[in-house]
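One structure is given here, and the rest of the page talks about it.
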Amino acid sequence: MTEIPRDRNHQPEIPEPPAPAPVGSAYEPEAVELAWYRYWEEGGFFHVDPDAVHEGGKEPFVIPMPPPNVTGRLHMGHGLQDTVQDLLIRFKRMQGFAALWIPGIDHAGIATQNVVEKTLKKDGIDRKEIGREAFLEHVWDWKQEYGDIILQQKRRLGDSCDWRYERFTMDEGLSEAVQKVFVTLYEQGLVYKGEYLVNWDPDNQTVISNEEVDNVERNGSLWTVRYPVVDEDGTETGEYIDIATTRPETIPADTAVAVHPEDDRFRHLVCKTVRVPAVGRIVPIIADDYIKMDFGAGALKVTPGHDENDFQIGKRHGLETVSLMNLDGTLNEEGGPYAGMERFAARKAIVADMEASGELVKIEDYVQTVPISSRSKAVIEPLLSPQWYVAMEPLATRALEVVNDGTITFHPARWANEYRRWLEDIRDWPISRQLWWGHRIPVWYRTDADGERIEEDFVVSVDSPGEGYVQDEDVLDTWFSSWLWPFATLGWPDDTDALKAFYPGSVLVSGYDILFFWIARMIMAGTHFTDEVPYTDVFVTGMIKDKQGRWMSKSLGNGIDPLDMIETYGADAVRYTLAKLCAQGQDIKLDPAAFEGGRNFANKIWNASRVFGRFVERDDAGRPTEDLRRQRDFSELNLAERWLLTRLHDTVEAVTESLNAYRISEAAQLAYDFVWRDFCDWYLEVSKAPRGESPARDSLALSVEVFEKILGLLHPFMPFVTEELWWTLRPRAEGEACIASAWPSPSKEETDPEAAALFTTIQDLVTGIRQVRAQYNVPPSQRIRALVRAGDAATASALERASDYVERLAGLSELAIGADLEKPAASAAIVVGAHEVFVPLAGMIDLGVERQRLQKEIGAKRGFLGGVEKKLRNEAFVSRAPEAVVAKERQKAEDAKAEIAALEANLADLG
RNA sequence: GGGCCUUUAGCUCAGGGGUUUAGAGCGCUCGCCUCACACGCGAGAGGUCGAUGGUUCAAAUCCAUCAAGGCCCACCA
């Protein structure tokens, strides 16, 4: 049992934070990322103890990480899912939750056994020769060597999981849980042994579940074979039944021929007998309405030992079940002359023989659905075999309830439908696997005098009943341990502190590819064994595809390695890009070039910090020694600052809301817009001191203050660069890290919608002047004059106070503002709402260009006005639409008219 | 055979009954090495929101049908 750490016993020493990069240096992600991850991990910043909940009163927020396969390497799917999980964890941690992300590894039964077997084969070692025990030693060695490679790779991505909780699906605790669950289910009558047709994988020589079978369309043949009707002593009556089959090699296992009871062609033959071609067995003709009269030749050969439907027919009619295949896919003695042949060789041989004997009537091309093992890609053989099953229906009932009653919510909601569909039509789960690597089935058989086990005489128990018993050779399906993951990782079945504190969990993040395999089964296990849902929210991500929308696969060689991307662009860039692409539930067509966007954003933030960061005094190590921030009063802030704080407040609110609703890409976009557009493009430009002057301390202080909030806001998306910059702004106390900071929550008090609106007007004025400059190719270095004729005196004086913004941003040498200024001759005019801007362009003005510009502007406005007026002319609209909507449209029309009038006046002015 | 998803700018995608005349990134055009950033700055061009019909005062947005692409499930030999 892994001991769950407790705070009072574990007080990790917080290391020295890495020294900041020198001021003015370019952003180099790799060095920054490695250093900070070490700092966080060693400093215990990911640690969450049960006491934080029990005694600290913190609300838990728990995500069980889908344990990657021990054979695994990080792929883009992990990149995406881990980005989402870590983002949520960091977000909630900053919000003050006891945010626990539980990592671990899955032993991945078949996959791992295959890999190790292949590796050994290269050294000339055969699994069967060395035997079970020796083989398992190799697998454990392999696990030791490669087991946590992927977890190391996840660290590179920045995953902030509490590694002290790391579990392996075959470690002691998980094994205990698995055994207990098997025994419990057996005692509840929900585990049983049955002999049914199973999906047999002849390559891996194990049974697999339906979910592990892929049905693929393949070009095959449909052979029509003639079955002669014979009497009791085997003489042909001259009649015959033609039967179409896609699997002639199973003919030797035919135990009947079936026709539809109402089929007039064959009705008189029912109860008679036919001779099976190739092997000469005499079998009855039966009637069953499963048969489709219009398919093939209208009759079916019944092979209960090798086809699920035939098996059902056989049951109904009490037919013998002949199993003619060995576990390796060769025919056994039932195959008669074909015994010992591999199944597809047998098919060829049997077809050739029937062709020669005239029993084969025809061969047609036929597209059929072939079941394939998703692991080995071998064609699945339905085979009669005794296996252990879990009766799923009782478990499914509860699991359906908790989704139907809203205890568990899927995001996006449509996955709940898929989930229901599967559960409502659930089949029993074959859980035994004929493998060596996995949890041994806790069933003990009594042995007879020869040491052979007696199949019917067994005990189900965790421990051996003692002498005279041997354990079942088989192991359990990998998912039989992973379905316990959310609670077994916390110590279940023991009632640990951790379990009490952190179960049930909060969110599961996973791809839809394992909705049935894992997500649904976890919910079944949770409700059945713990009487709780394992988590309340399921966030289902889309799958990552290549640029052309194809699945990434080794064989296509179209995979994009996240580690390569991290090396090239940085982990923050990879994370931000994936977050941005993570629209709810949609598959993602990934172009590696997309990561450039993330890199550019990280770089932008880095550079933005230099604008004010270079004015912070630092010691020799580059650490800040002064705190620029100061007490301030919102009302004393200037217009731009009040606008910025208003935008900050709104942005934080919107991002928080988006994250809470799992709208990850929206949150990423909102943060991006604020940081790049508002903060960098407008605020930083406005706040810069005039050439040659030093910026005001108050202005720097606000930049630092807001930037700190920005770093917090971006931290869940881009933890590394934000943490790095966090330490460059002001002196920090030990452990006062960005990761441990509180989620920004700017005060509503510190917003000023009026200031924000005025600033927007200023932005429009500036943009207008810039447009004129661009139109006339005025070089950026050339200062020009401009006049603003404000629509009213109040705005005029407000703009007057903010005139240096416009001057600076529009590159003006002089700016006149007033409510009744005259338009100078030979000037370009811009209409911004009720205000007009005149740009005197003596000597430069081109009447043609100007006329064109104004006409285009008028055209656009008229188009707009036309639309609005059309609405207003519609009486139904005016009478039925809400008053506010109508009023708004009226206002729009009026504003547009005024603007058009102003533009037209200016146009007329040109002569 | 059932069910689901997608179709919006050249490309990749947001948006999801009234948000000024539909947005972003990339690409494209023009001008800029403006002392944070060319991984950048400024200005632009470019969509009758797959088609048709309907509901509504109002549809890219809701409904129906169709078309194209994709996915999942299913026992047609």
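Chain naming here is simple, since letters A, B, ... match the order of the sequence lines and numbering starts at 1 in each.
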(message) Please confirm whether the shortest side-chain N or O distance from Tyr366(A) to OP1 or OP2 of rA77(B) is below 4.0 Å.
(response) yes
(request) Provide the distance between the two C1' atoms, one in rC26(B) and one in rG40(B), to the nearest whole Å. (result) 16 Å
(request) Could you check how far CZ of Arg247(A) sits from P of rC75(B), rounded to whole Å? (result) 15 Å
(request) Calculate the interatomic distance between Lys545(A) atom NZ and rG70(B) atom P; express it in whole Å. (result) 10 Å
(request) Between rG23(B) and rG15(B), how far apart are the P atoms? Round to whole Å, please. (result) 16 Å
(request) Compare side-chain N and O positions of Lys888(A) against OP1 and OP2 of rG18(B) and report whether any pair is under 4.0 Å apart. (result) no
(message) I'd like the P distance from rA59(B) over to rG3(B), given in whole Å.
(response) 30 Å
(request) Let me know the distance between OH of Tyr672(A) and C1' of rA24(B), rounded to the nearest Å. (result) 8 Å
(request) Mind calculating the distance between CZ (Arg316(A)) and P (rC75(B)) to the nearest angstrom? (result) 14 Å
(request) Name the pairing partner of rA22(B), where a pair is Watson-Crick or G-U wobble with both distances under 3.5 Å, or state none. (result) none
(request) Could you state the atom-to-atom distance from CZ of Arg770(A) to P of rA43(B) in whole Å? (result) 5 Å
(request) Verify whether one side chain among Glu685(A) and Tyr805(A) offers a donor that lies under 3.5 Å from an acceptor in the other. (result) no
(request) Report yes if at least one side-chain N or O of Asn309(A) is closer than 4.0 Å to OP1 or OP2 of rC76(B); otherwise report no. (result) no
(message) With a cut-off of less than 4.0 Å, is there a side-chain N or O of Arg677(A) near OP1 or OP2 of rG25(B)?
(response) yes
(message) Whole angstroms only, please: what is the NZ-P distance between Lys892(A) and rA58(B)?
(response) 16 Å
(request) By nearest nucleotide on RNA chain B, pick out whichever of Ser665(A) and Gly859(A) is the more 5' one. (result) Ser665(A)
(request) Look at the side-chain N and O atoms of Trp682(A) and state whether any lies under 4.0 Å from the OP1 or OP2 oxygen of rG42(B). (result) no
(request) May I ask you to check if Arg770(A) and Trp682(A) form a cation-pi contact, with NZ or CZ under 6.0 angstrom from the six-membered ring centre and within 45° of the axis? (result) yes
(message) Could you tell me how far apart Leu581(A) (CG) and rC26(B) (C1') are, to the nearest whole angstrom?
(response) 12 Å
(message) Give me the distance, rounded to whole Å, that separates rC41(B) from rA36(B) when you measure between the P atoms they each carry.
(response) 13 Å
(message) My understanding is that a pair needs two contacts under 3.5 Å, Watson-Crick or G-U wobble. By that rule, which nucleotide pairs with rG50(B)?
(response) rC66(B)
(request) Report which part of the nucleic acid Ala608(A) touches: base, sugar-phosphate, or nothing (heavy-atom distance under 4.0 Å, all strands). (result) base
(request) Using the P atom on both, measure rG18(B) against rC28(B) and round to a whole Å. (result) 35 Å
(request) Could you identify which residues of residues 773-784 of chain A place a heavy atom less than 4.0 Å from some atom of RNA chain B, listed by residue number, or say none? (result) Ala774(A), Pro780(A)
(request) Take atom C1' in rA45(B) and the same atom in rG27(B), then report the distance between them in whole Å. (result) 12 Å
(message) On the nucleotide rA74(B), are OP1 or OP2 found under 4.0 Å from the side-chain N or O atoms that Arg427(A) carries?
(response) yes
(request) Could you tell me whether Asp288(A) and Arg316(A) have a side-chain N and a carboxylate O separated by less than 4.0 Å? (result) yes
(message) Would Lys301(A) and Tyr227(A) count as a cation-pi pair here, with the cationic atom under 6.0 angstrom from the ring centre and within 45° of the axis?
(response) no
(message) In this structure, how many angstroms lie between the P atom of rG15(B) and the NZ atom of Lys580(A), rounded?
(response) 13 Å
(message) When you measure from the side chain of Ser221(A) to the backbone of Trp223(A), do you find a donor-acceptor pair of N or O atoms at a distance under 3.5 Å?
(response) no
(request) Assess whether one donor atom and one acceptor atom, taken from the side chain of Lys688(A) and the base of rA36(B), lie less than 3.5 Å apart. (result) yes
(request) Rounded to whole angstrom, note down the P distance from rC49(B) over to rU7(B). (result) 14 Å
(message) Taking atom types as they are modelled, would you say the side chain of Glu889(A) forms a donor-acceptor pair with the base of rA58(B) within the 3.5 Å cutoff?
(response) no
(message) Any side-chain to backbone donor/acceptor pair from Ser687(A) onto Tyr683(A)? Under 3.5 Å, distance only.
(response) yes
(request) Pick base, sugar-phosphate or nothing for Glu685(A), based on heavy-atom distances below 4.0 Å to the nucleic acid. (result) base
(request) Identify the two heavy atoms, one from Ala896(A) and one from Leu865(A), that lie closest to each other, and give their separation to 0.1 Å. (result) CB-CD1, 4.0 Å
(request) Indicate whether the side chain of Arg610(A) and that of Asn607(A) have a donor and an acceptor atom separated by less than 3.5 Å. (result) no
(message) Using atom C1' in both nucleotides, what's the gap between rG46(B) and rA9(B) to the nearest angstrom?
(response) 6 Å
(request) Give a yes or no answer on whether the side chain of Arg599(A) reaches the backbone of Gly570(A) with a donor-acceptor pair at less than 3.5 Å. (result) no
(request) May I ask you to evaluate whether Arg610(A) reaches the phosphate of rC37(B), defined as a side-chain N or O under 4.0 Å from OP1 or OP2? (result) no
